[in-house]
Amino acid sequence: MVKVYSKALDQSIEIERIIGHIKGSQPGPTLIFIAGIHGNEPAGIFALHKVLNVIKNKKINIKGNIYAISGNLPALARGERYQKEDLNRLWNIDRVKDLSEQHNDFDPNTDIEQQRDIYHIIKKILNIENGPFYFMDLHTTSSQTIPFLTVNDSLLNRKYTMQYPIPMILGIEEYLDGPLLSYINELGYVSFGFEGGQHDDPAAIQNHISFIYLTMVFANSITKIDISYNYHYNLLLKGSEVPMGIYEIYWRYQIKEDEVFKMKPGFVNFQHIQKGEQLAHSNGKIITASKNGRIFMPLYQNQGNDGFFAIHSVHPIFLKLSTILRKAHFDNIITILPGVHWTSNKKNELTVDLKIARFFTKQFFHLLGYRSKQVDKTHLSLKNRESASKNTEYRYTSWSKSRNLLSKTFNQ
């Protein structure tokens, strides 16, 4: 058990790995909320603690299960993002395979052992509970921001998250190595991130509380009449100062080891930036915007190597087109072209030789549901976001049957 302090509330609470678990009296979904994977982001911890207490005290009827899991406990106790390694960058294939083994140099206070503990809890929940499963990773940012979602772009994820009245950001997994959500998505479950505000802003805790309640409603764990639904929906809706559409990352500035990076002061999330505008300094040299867009998650803290991202909006017609192409398995057709071939017989990963197939772009493969990684100067490796999705598990949910979420999102 560790003590976690909130600067926003000027109070502390004591938590364990499992912040709380509520088992409903009726069958239903299993919701897994994870908070504090970064130790300087306690807002989600306090929000989950409050919501679970309210549910228990008011005896709100729950369907299925609700789990609240804390992230990096030693880092939370210190109020630091991480200790030696970022716990949200350790979930790549090789490192996850290693988690099932117990090592002689076991130390529960290391970031890796924190990861191991979370891994085994997730595996246990998946083994003992029934689906459909929903995973939500709760975060805050170092700069001021409106609430938003970070979503790996599978059709399953996209359709579920369309229910929220806040912007959605696609493509962050292409720029980060080993985030937790990418691991969960590889398992095929609905999983996405929620960013509730600035680390120490009291509004971030309230935004998290509203998000948690809405998630329970959207997943059919509780009903709208069980909570002040309109209040929580409108709180997130009114907190959004930008159109609640879908945005895509097109640039990440990665801070190199030993680089002296300093973001120019005053930038806030989603702020418009113009081509040539000064954004930051690197080793005394000015970094400018490569084109018009919006700044995304500018870094105003000491830890972390993501200096900033840049995003632009995605037109609804491309979202509709991507749905059509993915459902038609158009990727099976393009493999007959020279320079494009399957990496293995599983047909879930493509290799593209850009010397031959140079007419293809990353944006084209995004339409087909692939995330890309540059192997070398002439080859792209692309992994299918759709191949792992457990679509049948969510087939009978109310949100999966809805046909109007996309137009609704862009017309409000």
Side-chain angles (χ1 to χ4, degrees), residues 2-15 19-20 33-58 60 66 68-73 75-82 88 136-150 164-167 169 192-217 227-242 244 263 265-271 295-304:
V2 302
K3 184 177 289 187
V4 182
Y5 174 72
S6 166
K7 185 177 179 181
L9 300 177
D10 191 23
Q11 72 178 66
S12 298
I13 56 175
E14 290 188 334
I15 62 165
I19 302 168
F33 295 93
I34 302 169
I37 200 166
H38 290 140
N40 62 336
E41 301 176 20
I45 298 283
F46 280 79
L48 286 167
H49 187 264
K50 181 176 177 62
V51 169
L52 294 183
N53 282 337
V54 169
I55 290 173
K56 291 175 182 176
N57 292 336
K58 290 189 176 181
I60 296 175
I66 299 172
I69 301 173
S70 57
N72 197 329
L73 291 172
L76 281 163
R78 295 186 179 98
E80 299 174 348
R81 182 177 173 91
Y82 55 85
N88 205 30
M136 286 65 58
D137 190 14
L138 309 184
H139 287 270
T140 50
T141 62
S142 62
S143 63
Q144 290 294 328
T145 186
I146 60 170
F148 63 93
L149 302 174
T150 55
Y164 296 90
I166 53 177
I169 311 298
F192 57 99
F194 174 71
E195 300 273 358
Q198 197 274 338
H199 296 328
D200 301 320
D201 187 348
I205 298 176
Q206 186 56 55
N207 289 337
H208 273 90
I209 290 171
S210 293
F211 168 79
I212 293 164
Y213 279 129
L214 291 183
T215 300
M216 294 177 184
V217 172
I227 61 170
S228 301
Y229 175 80
N230 289 335
Y231 168 81
H232 294 296
Y233 189 93
N234 288 325
L235 184 137
L236 292 186
L237 176 63
K238 292 176 181 177
S240 181
E241 299 169 359
V242 300
M244 70 165 188
M263 195 78 204
F267 283 108
V268 297
N269 227 15
F270 292 94
Q271 179 178 330
I295 199 77
F296 182 61
M297 296 204 293
L299 185 69
Y300 289 111
Q301 61 188 19
N302 294 326
Q303 288 181 303

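Quick caveat: nothing in here was measured; it's all calculated off a predicted structure.
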**OP:** Drop me the distance from I19's CD1 to I66's CD1, to the nearest 0.5 angstrom.
**Re:** 13.0 Å

Subject >> Contacts of type side chain to side chain contact (heavy atoms under 4.5 Å, CB included), residue K56, not counting sequence neighbours >> reply: I22

Original post:
F192 versus T150: any side-chain heavy-atom pair under 4.5 Å?
Top reply: no

Original post:
Just checking, is any N or O donor in the side chain of T215 or Y164 under 3.5 Å from an acceptor N or O on the other one?
Top reply: yes

**OP:** Report yes if some heavy atom in the side chain of Y229 is under 4.5 Å from a heavy atom in the side chain of Y213; otherwise report no.
**Re:** no

Subject >> L299 versus G304, closest heavy-atom pair with distance >> reply: CD2-O, 3.9 Å

Original post:
How far does CD1 of I166 sit from CD of E195, to the nearest 0.5 angstrom?
Top reply: 10.0 Å

Original post:
Between Y5 and F46, does the ring centroid distance fall short of 6.0 Å?
Top reply: no

**OP:** For the residue pair Q206 and S210, establish whether any side-chain heavy-atom pair is separated by less than 4.5 Å.
**Re:** yes

Going by atom type alone, with no hydrogens or angles, which donor-acceptor pairs under 3.5 Å involve a side-chain atom of residues 48-55 and a protein atom two or more places apart or on another chain?
| from | atom 1 | to | atom 2 | distance (Å) |
| --- | --- | --- | --- | --- |
| N53 | ND2 | H49 | O | 3.2 |

Original post:
How long is the gap from NE2 on H199 to OG on S142, to the nearest 0.5 Å?
Top reply: 5.0 Å

**OP:** State, with a plain yes or no, whether a side-chain heavy atom of P167 is found less than 4.5 Å away from one of F270.
**Re:** yes

**OP:** Apply the test side chain to side chain contact (heavy atoms under 4.5 Å, CB included) to residues V4 and L73: give CA-CA distance (whole Å), side-chain angles for both, the deciding distance (0.1 Å), then the verdict.
**Re:** CA-CA 9 Å; V4 182; L73 291 172; 5.9 Å; no

**OP:** Count the heavy atoms of every other residue, nucleotide or ligand shown that sit under 6.0 Å from CG of N57, and state whether that count exceeds 12.
**Re:** yes

Original post:
Hey, does M136 have a side-chain heavy atom less than 4.5 Å from the side chain of F194?
Top reply: no

**OP:** Please report the shortest heavy-atom distance between P147 and N207, naming the atom on each side.
**Re:** CG-ND2, 3.5 Å

Original post:
What is the minimum heavy-atom distance between D200 and A8, and which atoms define it?
Top reply: O-CB, 3.4 Å

Original post:
Where do S12 and K3 come nearest, in terms of heavy atoms and distance?
Top reply: CB-CG, 3.5 Å

Original post:
Is the closest side-chain heavy-atom distance between Y231 and L235 below 4.5 Å?
Top reply: yes

Please table the atom pairs, donor to acceptor, closer than 3.5 Å between any side-chain atom in residues 38-45 and protein atoms at least two apart or in another chain.
| from | atom 1 | to | atom 2 | distance (Å) |
| --- | --- | --- | --- | --- |
| H38 | ND1 | E41 | OE2 | 3.1 |
| H38 | NE2 | R81 | NH2 | 3.4 |
| H38 | NE2 | D86 | OD1 | 2.8 |
| H38 | NE2 | D86 | OD2 | 3.3 |
| N40 | ND2 | Q301 | OE1 | 3.1 |
| E41 | OE1 | H139 | ND1 | 2.9 |
| E41 | OE1 | T140 | N | 3.1 |

**OP:** Report yes if the side chains of V268 and S143 come closer than 4.5 Å at any heavy-atom pair, otherwise no.
**Re:** no

Original post:
Atom CZ of F211 and atom CG of L149: how far apart are they, to the nearest 0.5 Å?
Top reply: 6.0 Å

Original post:
Do H232 and I209 have side-chain heavy atoms sitting under 4.5 Å apart?
Top reply: yes

**OP:** Could you grab the distance from atom OG1 of T141 to atom CZ of F296, nearest 0.5 Å is fine?
**Re:** 8.5 Å

Original post:
Out of curiosity, F148 CZ to N269 CG, how far, rounded to the nearest 0.5 Å?
Top reply: 5.0 Å

